[in-house]
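Here's the structure we're looking at; comments come further down.
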Amino acid sequence: MIIAPHLCMPDADVYYYPNWLDLSIADDYLIQLKTNLAWSQDYIRIYGKDVKIPRLQCWMGDADAIYSYSGLTMQPHAWQAPVNQIKALCEEAANQSFNSVLANWYRDGADSMGMHSDDEPELGVQPVIASVTLGAERKFIFKHKHTGQKHELHLSHGSLLLMQGETQQHWQHGINKTKKAIGDRVNLTFRHIYNQA
Ligand SMILES: O=C(O)CCC(=O)C(=O)O
Ligand SMILES: [Mn+2]
């Protein structure tokens with residue numbers, strides 16, 4: 001089956017490229033990222049309570065790319081290979097420059113990401129977000145903020161998901177926990193932060 005890269009979703013502009021990376025290169029990237037990134041398990045504030053986020057993460061970028069969400073302010077780690085190599089590939093695919101990336105490590109099916117939009121003010125009005133998957137396939141759920149319409153995708157090893165235009169304004173996205181015995185997954189979401197000094 002051939003999957004068209006542009007997804008058929010109203011009020012959105014989303015492209016999905018499975019097999020975007022050569023699989024042996026994607027295997028190498030996965031090992032390098034798990035070994036070399038400064039992973040931490042951070043806390044966010046939800047309804048006045050500090051809650052451990054259900055995954056590991058690492059914020060990387062230009063020195064002034066500071067990002068805040070849910071009460072957590074992240075200072076960037078300096079760019080390192082192979083993240084900057086993957087960034088260059090994403091910039092070519094998206095035809096846009098990125099100055100930061102949020103790396104997420106889902107250790108198993110118990111790790112997840114709640115439904116949200118990447119719509120913080122520092123991401124600009126119509127953010128372009130390039131999201132690369134390495135490792136276990138996970139179900140990625142889109143939900144329309146007004147109609148409740150859902151669109152599900154299975155993000156595969158070496159794939160690229162591009163979200164742009166009005167997507168963040170009208171849709172939320174997230175990754176649910178699963179009881180299936182699955183391996184781990186590293187995701188890189190490249191962004192451009194505009195609140196630079
Ligand atoms: O892991 C994913 O595919 C989603 C990551 C995400 O939505 C984010 O970092 O904002
Ligand atoms: Mn997101």
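Indexing begins at 1, ligand by ligand and atom by atom, following the structure's order.
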Between [X] and [Y] (side chain of the first, backbone of the second, donor and acceptor by atom type, cut-off under 3.5 Å), is there such a pair?
{"X": "K177", "Y": "D108", "result": "no"}
{"X": "T167", "Y": "D13", "result": "yes"}
{"X": "S100", "Y": "R191", "result": "yes"}
{"X": "H154", "Y": "F140", "result": "no"}

Heavy-atom pairs closer than 4.0 Å: do any link ligand 1 to the side chain of [X], the backbone, both, or neither?
{"X": "I175", "result": "side chain"}
{"X": "D118", "result": "side chain"}
{"X": "Q57", "result": "neither"}
{"X": "I129", "result": "neither"}

Would you mind listing which atoms of ligand 1 come within a distance below 4.0 Å of any non-hydrogen atom of [X]?
{"X": "L155", "result": "3 (O)"}
{"X": "L102", "result": "9 (O)"}
{"X": "H173", "result": "7 (O)"}
{"X": "Y106", "result": "1 (O), 2 (C), 4 (C), 5 (C)"}
{"X": "F140", "result": "3 (O), 4 (C)"}

Among all protein heavy atoms, pick out the one at the shortest distance from [atom]; state its residue, atom name and that distance to 0.1 Å.
{"atom": "atom 5 (C) of ligand 1", "value": "N187 OD1, 3.4 Å"}
{"atom": "atom 8 (C) of ligand 1", "value": "R191 NH2, 3.2 Å"}
{"atom": "atom 3 (O) of ligand 1", "value": "R185 NH2, 2.8 Å"}
{"atom": "atom 6 (C) of ligand 1", "value": "M113 SD, 3.3 Å"}

Validation row: L21, L89 side chains within 4.5 angstrom (heavy atoms):
yes
Would you say that P76 contacts M60 through its side chain, given a criterion of any heavy-atom pair below 4.5 Å between the two side chains?
no
Atom pair NE2 (H151) and CG (L7), whose distance is rounded to the nearest 0.5 Å
4.5 Å
Atom pair CG (L134) and CD1 (I86), whose distance is rounded to the nearest 0.5 Å
5.5 Å
Might you work through the ring pair (Phe, Tyr, Trp, His ring centres under 6.0 Å) test for H192 and F98, ending with a clear yes or no?
CA-CA 5 Å; H192 198 101; F98 298 108; 7.6 Å; no
Whether the D184 and W105 side chains hold a donor-acceptor pair (N or O, under 3.5 Å, no angle test) is what I'd like checked.
yes
Could you verify whether a donor N or O on one side chain and an acceptor N or O on the other, from S131 and Y16, lie under 3.5 Å apart?
no
Quick one: does H116 get within less than 4.0 Å of ligand 1, heavy atoms only?
yes
Would you say M115 touches ligand 1, if touching means a heavy atom closer than 4.0 Å?
no
Among protein atoms, how many N/O/S atoms lie less than 2.8 Å from the Mn ion (ligand 2)?
4
For residues 48-56, dump all side-chain donor-acceptor pairs below 3.5 Å to protein atoms at least two apart in sequence or in another chain.
| unit_1 | atom_1 | unit_2 | atom_2 | d |
| --- | --- | --- | --- | --- |
| D50 | OD1 | R45 | NH1 | 2.9 |
| D50 | OD2 | R45 | NH1 | 3.4 |
| R55 | NE | N104 | OD1 | 3.4 |
| R55 | NH1 | S112 | O | 2.9 |

Of Q169, H144, Q149, which is the lone residue that meets side chain to side chain donor-acceptor pair (under 3.5 Å) with D11?
H144
